[in-house]
Amino acid sequence: EVSVLTATNGASAQEPGVRRISGSRALRELKALGILARLPRDATVLCGRWYPEGLLALLAGRRSVAILAHGAELLASRISGLSAVRARLRRRVLTAARLVIANSRYTSELVSSIAPEAHVVALPLGVDTAAFSPGDRDASRARLGIRSRFVVSTVARVLPFKGHDTVISALARLPAALRSDFCYYIAGRGAHVEALQALCRELGVAEQVKFGGLVPEHSLVDVYRASDLFCLMTRLGPRAVEGFG
């Protein structure tokens, strides 16, 4: 038997086995703590992150707690005064968990560097090779509205550290005759979209860069089939990491 506890996203429909909690963040966490405390003693709790989910499960007295590790949530606090406190808390939570499941070997090594005594395993995500396979490139480009000869793509959250601007700047440095053959397709959404659009106008490559927004899972196949090159120029830093390595 599996049940899901999550914050409400405004959906009115009630899915079987899904319990949604609403209110301010503090109220949601208090409600979650109460729900977790009332679970059967032998229940296993799978937490999406170490904080707040993993911490709440441990505070509720759960003994069988597994925590998913993605990457960025393991990094230092953005509030410098809380960094030391948060670091100690993070280490204690990761160490106390029965299991930490990392999405890559890179992330598992990050967990071990933070909490050397944590029981961590790497469980890389699978790929549906039947769906994500070579196909009709021209048809995929037509569905995406691309007519260029060469296509470079990035599928990621549109945030400053993801390095979209590096690709745009490189595109702008190409000779005009060659640059006109290219399309840089950006799939994803995020707070940096408007800044990138302004950069494209400034560098004169607005016609060569196409912003696809959030692409549904089934349409990602077209993005990859349409592309000659996938490019991800992530800049690593104190608060930026590429969890998949």
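Here, residue 1 is the first one in the sequence, and each next residue gets the next number.
- In terms of heavy-atom proximity, Val100 sits nearest to Leu94 at CG2-O, 3.7 Å.
- For the side chain to side chain donor-acceptor pair (under 3.5 Å) condition, the pairs that include at least one residue of residues 195-222, sequence neighbours left out, are Ser140-Asp222, Arg143-Asp222.
- Distance alone, capped at 3.5 Å, places no donor-acceptor pair between the Arg19 side chain and the Gly17 backbone.
- Leu46 and Val93 end up in different hydrophobic clusters when Ile, Leu, Val, Met, Phe, Trp and Tyr side chains are linked at under 4.5 Å.
- Put simply, CG on Leu5 and CD1 on Ile35 are 5.0 Å apart, with the number rounded to the nearest 0.5 Å.
- By the criterion of side-chain heavy atoms lying less than 4.5 angstrom apart, applied directly or through intervening Ile, Leu, Val, Met, Phe, Trp or Tyr residues, Tyr106 is grouped together with Trp50 in one hydrophobic cluster.
- Distance check, rounded to the nearest 0.5 Å: CZ of Arg41 to CZ of Arg63 gives 7.5 Å.
- Judged by distance alone, with hydrogens and angles left aside, the side-chain atoms of His70 form a donor-acceptor pair with the main-chain N or O of Gly48 at under 3.5 Å.
- Evaluation of the side-chain hydrogen bond (donor to acceptor under 3.5 Å, both in side chains) rule for Arg225 yields Ser133 as partners, not counting sequence neighbours.
- Cys200 contributes atom SG, which lies 6.0 Å from atom CD1 of Ile186 (distance to the nearest 0.5 angstrom).
- Tyr51 and Val45 fall within a single hydrophobic cluster, where Ile, Leu, Val, Met, Phe, Trp and Tyr are joined by side-chain heavy atoms under 4.5 Å apart, directly or via other members.
- Contacts classified as ring-ring contact (aromatic ring centres under 6.0 Å, His included) and involving residues 140-159 (residues at least two apart or in different chains) are given here: Phe150-Phe182.
- In this structure, Thr107 and Gly71 approach most closely via the heavy-atom pair CG2-N, 4.0 Å.
- Side-chain contact between Asn103 and Leu68: absent, with no pair of heavy atoms (C-beta onward) separated by less than 4.5 Å.
- In this structure, the salt bridge (charged side-chain N to carboxylate O under 4.0 Å, His left out) partners of Arg25, at least two apart in sequence or on a different chain, are Glu29.
- Of the inter-residue distances, the one linking Leu59 atom CG with Leu36 atom CG reads 10.0 Å to the nearest 0.5 angstrom.
- Summarising the geometry, atom SG belonging to Cys183 is positioned 15.0 Å from atom CZ belonging to Arg149; distances are rounded to the nearest 0.5 Å.
- Put simply, the side chain of Val205 does not reach to within 4.5 Å of the side chain of Tyr184, judged on heavy atoms.
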Contacts under 3.5 angstrom, residues 172-180 side chains, donor-acceptor by atom type, not counting sequence neighbours:
| residue | atom | partner | partner atom | Å |
| --- | --- | --- | --- | --- |
| Arg179 | NH1 | Ala172 | O | 3.2 |
| Arg179 | NH1 | Leu174 | O | 2.9 |
| Ser180 | OG | Ala177 | O | 2.9 |

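- Hydrophobic clustering (ILVMFWY, side-chain heavy atoms < 4.5 Å, transitive): Leu123 and Leu99 are in one cluster.
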Check residues 159-167 and write down every donor-acceptor pair under 3.5 Å in which the side-chain atom is one partner and the other belongs to a residue at least two apart or another chain.
| residue | atom | partner | partner atom | Å |
| --- | --- | --- | --- | --- |
| Lys162 | NZ | Glu242 | OE1 | 3.0 |
| Lys162 | NZ | Glu242 | OE2 | 3.3 |
| Asp165 | OD1 | Arg235 | NH1 | 3.4 |
| Asp165 | OD1 | Arg235 | NH2 | 3.1 |
| Thr166 | OG1 | Arg235 | NH1 | 3.2 |

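- A search for side-chain hydrogen bond (donor to acceptor under 3.5 Å, both in side chains) contacts involving Ser108 returns nothing, not counting sequence neighbours.
- The heavy-atom pair separating Cys47 from Ala57 by the smallest distance is SG-CB, 3.9 Å.
- Clustering of Ile, Leu, Val, Met, Phe, Trp and Tyr by side-chain heavy atoms under 4.5 Å joins Phe230 with Val127, Phe132, Leu144, Ile146, Val151, Val155, Tyr185, Val215, Leu220, Val221, Val223, Tyr224, Leu232.
- Hydrophobic clustering places Leu56 together with Leu89 (ILVMFWY residues linked when any side-chain heavy atoms are closer than 4.5 Å, directly or through intermediates).
- Among residues two or more places apart in sequence or in another chain, the salt bridge (charged side-chain N to carboxylate O under 4.0 Å, His left out) test is passed with Arg189 by none.
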Show me, pair by pair, the donor-acceptor contacts under 3.5 angstrom made by side chains of residues 113-122, not counting sequence neighbours?
| residue | atom | partner | partner atom | Å |
| --- | --- | --- | --- | --- |
| Ser113 | OG | Leu110 | O | 2.6 |
| His119 | ND1 | Arg98 | O | 3.3 |

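- Note that CD1 of Ile67 and CZ of Arg90 are 12.0 Å apart. Values are rounded to the nearest 0.5 Å.
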Q. Can you list the steps and then say if Arg92 with Leu55 is a side chain to side chain contact (heavy atoms under 4.5 Å, CB included)?
A. CA-CA 9 Å; Arg92 292 190 64 175; Leu55 175 61; over 6 Å; no

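- Taking Ser3 as the reference, nothing meets the side-chain hydrogen bond (donor to acceptor under 3.5 Å, both in side chains) condition, with sequence neighbours excluded.
- Not counting sequence neighbours, Arg88 has no partner by the side-chain hydrogen bond (donor to acceptor under 3.5 Å, both in side chains) test.
- Checking side-chain atoms of Arg62 against main-chain N and O of Leu39 turns up a donor-acceptor pair under 3.5 Å.
- Side-chain atoms of Arg141 come within 3.5 Å of backbone N or O of Ser148 as a donor-acceptor pair.
- No side-chain heavy atom of Ser64 sits less than 4.5 Å from a side-chain heavy atom of Asp42.
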